[in-house]
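This report concerns only the one structure given below.
Numbers for residues simply follow the sequence, beginning at 1.
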Amino acid sequence: MTENTSRPAGSSSAEVLAGALPPEVLDVLVKEAHASGGSLGVQELLNQMTKAVLERALDTEMTHHLGYEKGDPAGNGSGNSRNGRSTKTVSTTNGPVELAVPRDRNGSFEPAIVPKRARRLGNIDEVILSLYSRGMTTRDIESHLHEVYGVNASRELISNVTEVVADEIALWQTRPLDEAYPILYVDGIRLRIKDKGVVTTKVAHLAVGVDVEGRKHALGLWIADSEAAKFWAKVVTDLRNRGLRDILIACCDGLTGLPDAIRGVFPDTVVQTCVVHVIRNAMRFVSYGDRKKVAAGMRSIYTAPTLEAAEIALKNFDKEFGTQYPAAVQVWQHAWNEFTPFLDYPAELRRVVYTTNLIENINFQLRKLTKNRGHFDSDAAAMKLLYLGLRNITSHRGGPSGTGTWGWKQALNTLVVLFPDRLPIH
């Protein structure tokens, strides 16, 4: 291969390198690698190729830095020159590689391909973040990196790598929001977090907004650290300060203090309790053998065509099951004021707002990530894992633009009629 070999249009450097070696040469290299150590021999071959490419790149960088090729008389009297090499081992996705890094006499050489003091190259950091975002503990990641990549990464190192998302979390939590979201879903998951030396149960609340295009967006994630009223006032004020000016319908699960906080900042917002949560909460008091008939009785309530019909259905439910399951009836009575707005909507809109199942699906994925942890050492540690998990989930569910909402066009037309002049539709 000569220095003036041209690169085919549209090909990457890796493709050029692969194409530079004839198949028969590759066959010989692989055969010799297998003969010398099987799969370990092939790994060593990859390591040596990685070493060769990186050292060649470092030499090229040094030439660019000094302004002349090695041995070129043009370097005489230039004020700087090559000064041997130093060795260091860096971790790559092909395993550890020992490099001979060129030095200059002035000590001004700052390589870009293998930065000074860098001990990890390629996608090692990304691998750590990916594994962490899928719920693996630092101990598990440490073992995985050693077994798969031959990388000896301490738990402290892994923790430091994951800490790089702290600034990213701060930017995400303060980014500007749309002026209006037709639908807002709020739900939470319980976590065990150490606070002042004592492990306590806290709740991490996730808010998901549906924009006018029907796309869902995670607006924020908050861990409750104070009494309900004060906490929710802070959350809702935070949303407003980030540019949110209107919410048509807020769907949540009877979270204490949230409805009042929403109405205090967004007085025209309709707060709708999650019907599925009401059903589940009522079912907690019902024996297994009676679940089917009790569920049928409740179905007549939330499928009622009008508020009057729903009130009659609740009375009938109380008459049939109130004596045996009074607590189930009370669940419906306590949730009634936040449940009934839903009855004013046509079927196409009811399907969108009657449940927080959308957000529960996300929370289900987050619970899978947190179940490996007995507890978190701090709110920040919990937030770090939840954010990375949420970032990983949303990247598979449509990316930054979010996923769509089934039947949204019909729902949007209904919202425009029910809430005239409140949606920014141009």
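Residues satisfying the salt bridge (Lys or Arg N to Asp or Glu O under 4.0 Å) test with R192, not counting sequence neighbours, are none. Here H65 pairs with F109 under the ring-ring contact (aromatic ring centres under 6.0 Å, His included) rule; sequence neighbours left out. Taking the ring-ring contact (aromatic ring centres under 6.0 Å, His included) definition, one finds that F376 meets it with nothing, sequence neighbours left out. With sequence neighbours excluded, no residue forms a ring-ring contact (aromatic ring centres under 6.0 Å, His included) with Y345. Annotation: ring-ring contact (aromatic ring centres under 6.0 Å, His included) contacts of F419 (sequence neighbours excluded): none.
Counting heavy atoms from C-beta outward, E213 and L412 have side chains that stay 4.5 Å or more apart. Inter-residue side-chain proximity for V352 and L415 is flagged as unmet; no heavy-atom pair is nearer than 4.5 Å. At least one side-chain heavy atom of I301 sits under 4.5 Å from a side-chain heavy atom of W336. Inter-residue side-chain proximity for V212 and P182 is flagged as met; some heavy-atom pair is nearer than 4.5 Å. Contact annotation: the side chain of Q173 never approaches that of Y387 to less than 4.5 Å [non-hydrogen atoms, C-beta and beyond]. D260 places none of its side-chain heavy atoms less than 4.5 Å from the side chain of W232. Residues N337 and V271 are not in side-chain contact: their nearest non-hydrogen atoms beyond the backbone lie 4.5 Å or more apart. Residues E348 and N413 form no side-chain contact, since every pair of their non-hydrogen atoms from C-beta on lies 4.5 Å or further apart.
Heavy atoms of other residues, nucleotides or ligands lying less than 6.0 angstrom from CZ of R175 number more than 12. Heavy atoms of other residues, nucleotides or ligands lying less than 6.0 angstrom from CD of E179 number 12 at most.
Among residue pairs with one or both ends in residues 292-315, those qualifying as salt bridge (charged side-chain N to carboxylate O under 4.0 Å, His left out) are D290-K293; sequence neighbours excluded.
Between R85 and E98 there is no salt bridge, since none of the side-chain N atoms of the basic residue sits less than 4.0 Å from a carboxylate O of the acidic one. Between D195 and K202, at least one side-chain nitrogen of the basic residue sits less than 4.0 Å from a carboxylate oxygen of the acidic one, meeting the salt-bridge criterion.
Atom CG of residue L314 and atom OG1 of residue T340 lie 11.0 Å apart, to the nearest 0.5 angstrom. For the atom pair Q365 CD and L390 CG, the distance stands at 11.0 Å (nearest 0.5 Å). Distance check: F285 CZ to F321 CZ gives 16.0 Å after rounding to the nearest 0.5 Å. Remark: I312 CD1 to T306 OG1 distance equals 7.5 Å, nearest 0.5 Å. The distance from the NZ atom of K234 to the CH2 atom of W222 is 8.5 Å, given to the nearest 0.5 Å. Taken from CD1 in I223 to CD1 in I193, the straight-line distance is 4.5 Å, to the nearest 0.5 Å.
For D104 and S108, the side-chain atoms include at least one donor-acceptor pair closer than 3.5 Å.
The heavy-atom pair separating S300 from A313 by the smallest distance is O-CB, 3.5 Å. The heavy-atom pair separating V210 from K216 by the smallest distance is CG2-CG, 4.2 Å. Between G322 and V329 the shortest heavy-atom distance is CA-CG2, 3.8 Å. Of all the heavy atoms in L206 and A218, the pair that sits closest is CD1-CB, 4.2 Å. Across all non-hydrogen atoms, the minimal contact from I262 to A250 is CD1-CB, 3.6 Å. Listed here is the closest heavy atom pair of L244 and A180: CD1-CA, 4.0 Å.
Using modelled atom types, no side-chain atom of Q272 and backbone atom of C252 make a donor-acceptor pair closer than 3.5 Å. At least one donor-acceptor pair closer than 3.5 Å links the side chain of R350 to the backbone N or O of L343.
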- [ ] Evaluate side-chain contact (heavy atoms from CB on, under 4.5 Å) for H205 paired with V235, printing each intermediate quantity in order.
- [x] CA-CA 10 Å; H205 297 280; V235 169; over 6 Å; no

TODO: Go through L349 and L418 one step at a time and tell me if the side-chain contact (heavy atoms from CB on, under 4.5 Å) criterion holds.
DONE: CA-CA 10 Å; L349 184 55; L418 293 177; 3.7 Å; yes

Open item on the list: side-chain contact (heavy atoms from CB on, under 4.5 Å), that's the test. Do W172 and D167 meet it? Break it down for me.
Closed with: CA-CA 9 Å; W172 181 73; D167 291 340; over 6 Å; no

TODO: Check step by step if side-chain contact (heavy atoms from CB on, under 4.5 Å) holds for L386 and I189.
DONE: CA-CA 10 Å; L386 291 173; I189 62 173; 3.8 Å; yes

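A cation-pi arrangement, defined by a distance under 6.0 Å to the six-membered ring centre and an angle within 45 degrees of its axis, is absent between R240 and F266.
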